[in-house]
Amino acid sequence: NSFVFCRINNILCDSQGYSHFIKKTNNPCDWNMKDKDSRYYHIVTIGMEWEDKLAYAHFIHDITQEKHEQDRLHQQAKIDALTQVGNRYYFKDEMQKFLDQKIPATLCYCDLDHLKYVNDHFDHDKGDTYICDFVDILKSNIREEDIIARLGGDEFCILFKNGSIESINIKMELINEEFSKYAKDYPQSFSFGTVYIDANERTSLLKILQIADQRMYAQKRTHKMTTI
């Protein structure tokens, strides 16, 4: 991680606005850049006199390793540790992209049934297995472009790009039926609510989630009538 001293012509410096900045403030200028080989550098540029002309000294520090570690930690902060799908922060970012880019989609809000029962009557390891089995069956039945996120506990969201609410409801019912077939020590099922998001949707993300949550709980009430 050595520093490299170099000299650069006025044209490049002027294109970045450094000469004006340095002349005005007489202070070093910090900046970062990425080269064609995807390496990252932190550069400190200092104005100086060289052979009676304004020149620039650049102190260049390779920060590629630090940048990759920073990116890894940033990504890790958006991943659910148990299931390795996105967490609520990841979901909010992705959902906002859909709204900003006006991408039509269907949001499906899911809640695992009987998770508390599994945790109380077996153990939390069994509950974790129940959660992971649910994620596995979702992954095997949706497209790579669709987004799964665990919001916390037994709550999940799936964002289906360009999916109609009717087709998604049918898909989720089929997934639920398949999920139930793998039940051994306890029933396996989930409740869900769907909301279609139009390309010109002006409803807030919070309101969309509230509507999906209400529809999910309406279905969950019918599931609770089934005794374990």
Side-chain angles (χ1 to χ4, degrees), residues 1-105 107 135 139 142-153 155-162 197 199-209:
N1 290 335
S2 59
F3 285 92
V4 179
F5 177 86
C6 68
R7 183 183 173 198
I8 195 166
N9 63 37
N10 288 344
I11 296 175
L12 177 57
C13 289
D14 286 347
S15 70
Q16 298 290 340
Y18 299 131
S19 62
H20 175 73
F21 176 82
I22 293 168
K23 285 178 181 177
K24 186 176 181 180
T25 65
N26 201 30
N27 289 326
C29 178
D30 287 61
W31 51 294
N32 294 327
M33 68 165 288
K34 175 184 176 183
D35 68 13
K36 61 182 178 62
D37 297 319
S38 295
R39 298 198 66 84
Y40 295 86
Y41 302 92
H42 176 71
I43 303 170
V44 178
T45 300
I46 301 173
M48 60 181 295
E49 292 290 332
W50 184 268
E51 297 179 351
D52 298 323
K53 294 181 180 180
L54 177 63
Y56 303 90
H58 300 274
F59 297 89
I60 305 172
H61 182 202
D62 188 330
I63 58 169
T64 304
Q65 185 174 346
E66 293 95 323
K67 182 69 168 61
H68 288 169
E69 179 64 13
Q70 184 182 54
D71 290 345
R72 186 187 69 80
L73 292 173
H74 182 70
Q75 286 300 113
Q76 194 175 51
K78 294 184 179 182
I79 298 297
D80 177 64
L82 176 64
T83 62
Q84 293 300 299
V85 297
N87 59 21
R88 64 170 58 248
Y89 304 109
Y90 168 79
F91 171 74
K92 286 182 178 179
D93 286 350
E94 293 300 312
M95 182 70 184
Q96 196 59 56
K97 288 178 186 176
F98 271 64
L99 294 175
D100 292 344
Q101 296 173 20
K102 301 185 183 302
I103 301 172
L107 169 70
V135 171
K139 285 181 175 179
I142 66 173
R143 303 165 300 181
E144 287 187 8
E145 63 204 70
D146 299 324
I147 293 168
I148 308 174
R150 185 186 181 196
L151 303 190
E155 298 178 348
F156 292 81
C157 273
I158 312 163
L159 199 56
F160 295 94
K161 185 177 181 180
N162 297 318
I197 305 167
N200 297 312
E201 187 67 55
R202 295 187 178 183
T203 308
S204 68
L205 172 56
L206 178 60
K207 184 62 177 177
I208 292 170
L209 287 172

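What you are looking at is a predicted structure, and each value in this text was computed from that prediction instead of being measured.
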Participant: Quick one: CD1 on I60 to CD1 on I43, what's the gap to the nearest 0.5 Å?
Facilitator: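 Nearest 0.5 Å value for the CD1-CD1 distance: 5.0 Å.
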Participant: Do the side chains of I46 and F59 get nearer than 4.5 Å, heavy atoms only?
Facilitator: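 Yes - at least one pair of side-chain heavy atoms lies under 4.5 Å apart.
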Participant: Suppose we screen for salt bridge (Lys or Arg N to Asp or Glu O under 4.0 Å). Which residues come up paired with E144, at least two apart in sequence or across chains?
Facilitator: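 Not a single residue meets the salt bridge (Lys or Arg N to Asp or Glu O under 4.0 Å) criterion with E144.
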Participant: With sequence neighbours excluded, what pairs up with N32 under the side-chain hydrogen bond (donor to acceptor under 3.5 Å, both in side chains) test?
Facilitator: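 With sequence neighbours excluded, N32 shows a side-chain hydrogen bond (donor to acceptor under 3.5 Å, both in side chains) to H42, given in chain and number order.
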Participant: Taking only residues two or more places apart in sequence or in another chain, which ones pass salt bridge (Lys or Arg N to Asp or Glu O under 4.0 Å) with K34?
Facilitator: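 Listed in chain order: nothing, the list is empty.
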Participant: Restricting to side-chain contact (heavy atoms from CB on, under 4.5 Å), what partner residues turn up for K207, sequence neighbours left out?
Facilitator: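 side-chain contact (heavy atoms from CB on, under 4.5 Å) check on K207 returns T203, S204, Q210, I211.
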Participant: Which residues pass the ring pair (Phe, Tyr, Trp, His ring centres under 6.0 Å) test with F156, sequence neighbours left out?
Facilitator: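 Per chain and number, F156 pairs via ring pair (Phe, Tyr, Trp, His ring centres under 6.0 Å) with F134.
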Participant: Looking at F91 and L209, what are the two nearest heavy atoms and their distance?
Facilitator: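 Minimum heavy-atom contact is CE2-CD2, 3.8 Å.
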Participant: Under the side-chain contact (heavy atoms from CB on, under 4.5 Å) criterion, do I197 and L159 qualify, and how do the steps go?
Facilitator: CA-CA 10 Å; I197 305 167; L159 199 56; 4.2 Å; yes
Participant: If every non-hydrogen atom of L151 is compared with every non-hydrogen atom of C157, which pair is closest and at what distance?
Facilitator: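 Reported closest heavy-atom pair: CD1-SG, 3.7 Å.
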Participant: Taking salt bridge (Lys or Arg N to Asp or Glu O under 4.0 Å) as the definition, give me every residue that meets it alongside K92, ordered by chain and number, with sequence neighbours left out.
Facilitator: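 Residues passing salt bridge (Lys or Arg N to Asp or Glu O under 4.0 Å) with K92: none at all.
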Participant: Quick one: list whatever passes side-chain hydrogen bond (donor to acceptor under 3.5 Å, both in side chains) with Q96, sequence neighbours left out.
Facilitator: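 Only D100 meet the side-chain hydrogen bond (donor to acceptor under 3.5 Å, both in side chains) criterion with Q96.
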Participant: Not counting sequence neighbours, which residues clear salt bridge (Lys or Arg N to Asp or Glu O under 4.0 Å) with R88? List them please.
Facilitator: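 R88 satisfies salt bridge (Lys or Arg N to Asp or Glu O under 4.0 Å) with no residue once adjacent residues are dropped.
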Participant: Could you check if a side-chain atom of I147 sits within less than 4.5 angstrom of a side-chain atom of M95, using non-hydrogen atoms only?
Facilitator: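 No, too far: nothing below the 4.5 Å cut-off.
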Participant: State, yes or no, whether a side-chain contact exists between I148 and T83 at a heavy-atom distance under 4.5 Å.
Facilitator: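 Not touching, per the 4.5 Å side-chain cut-off.
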Participant: State which residues pass side-chain contact (heavy atoms from CB on, under 4.5 Å) with Q84; sequence neighbours excluded, sorted by chain then number.
Facilitator: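 For Q84, the residues satisfying side-chain contact (heavy atoms from CB on, under 4.5 Å) (neighbours in sequence not counted) are I79.
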Participant: Apply side-chain contact (heavy atoms from CB on, under 4.5 Å) to T64 and list each qualifying residue two or more places apart in sequence or on a separate chain.
Facilitator: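 By the side-chain contact (heavy atoms from CB on, under 4.5 Å) rule, T64 matches R39, Y40, D62, H68.
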Participant: Got a sec, which residues hit side-chain hydrogen bond (donor to acceptor under 3.5 Å, both in side chains) with Y41, two or more places apart in sequence or on another chain?
Facilitator: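 Y41 satisfies side-chain hydrogen bond (donor to acceptor under 3.5 Å, both in side chains) with D35 only.
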Participant: Find out whether R150 and V135 are in side-chain contact, i.e. whether some heavy atom of one side chain is under 4.5 Å from a heavy atom of the other.
Facilitator: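 Counting from C-beta outward, R150 and V135 never come under 4.5 Å.
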Participant: Closest heavy-atom contact between R143 and K161?
Facilitator: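 Reported closest heavy-atom pair: NH2-O, 2.7 Å.
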Participant: Please name the pair of heavy atoms, one in K102 and one in A199, separated by the smallest distance, quoted to 0.1 Å.
Facilitator: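 The pair with the smallest heavy-atom distance is CB-O, 3.0 Å.
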Participant: Starting from the C-alpha separation in whole Å, work towards a yes-or-no answer on side-chain contact (heavy atoms from CB on, under 4.5 Å) for I208 and L99.
Facilitator: CA-CA 11 Å; I208 292 170; L99 294 175; 4.2 Å; yes
Participant: N200: which residues meet the side-chain hydrogen bond (donor to acceptor under 3.5 Å, both in side chains) condition with it, sequence neighbours left out?
Facilitator: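 For N200 there are no side-chain hydrogen bond (donor to acceptor under 3.5 Å, both in side chains) partners, ignoring immediate neighbours.
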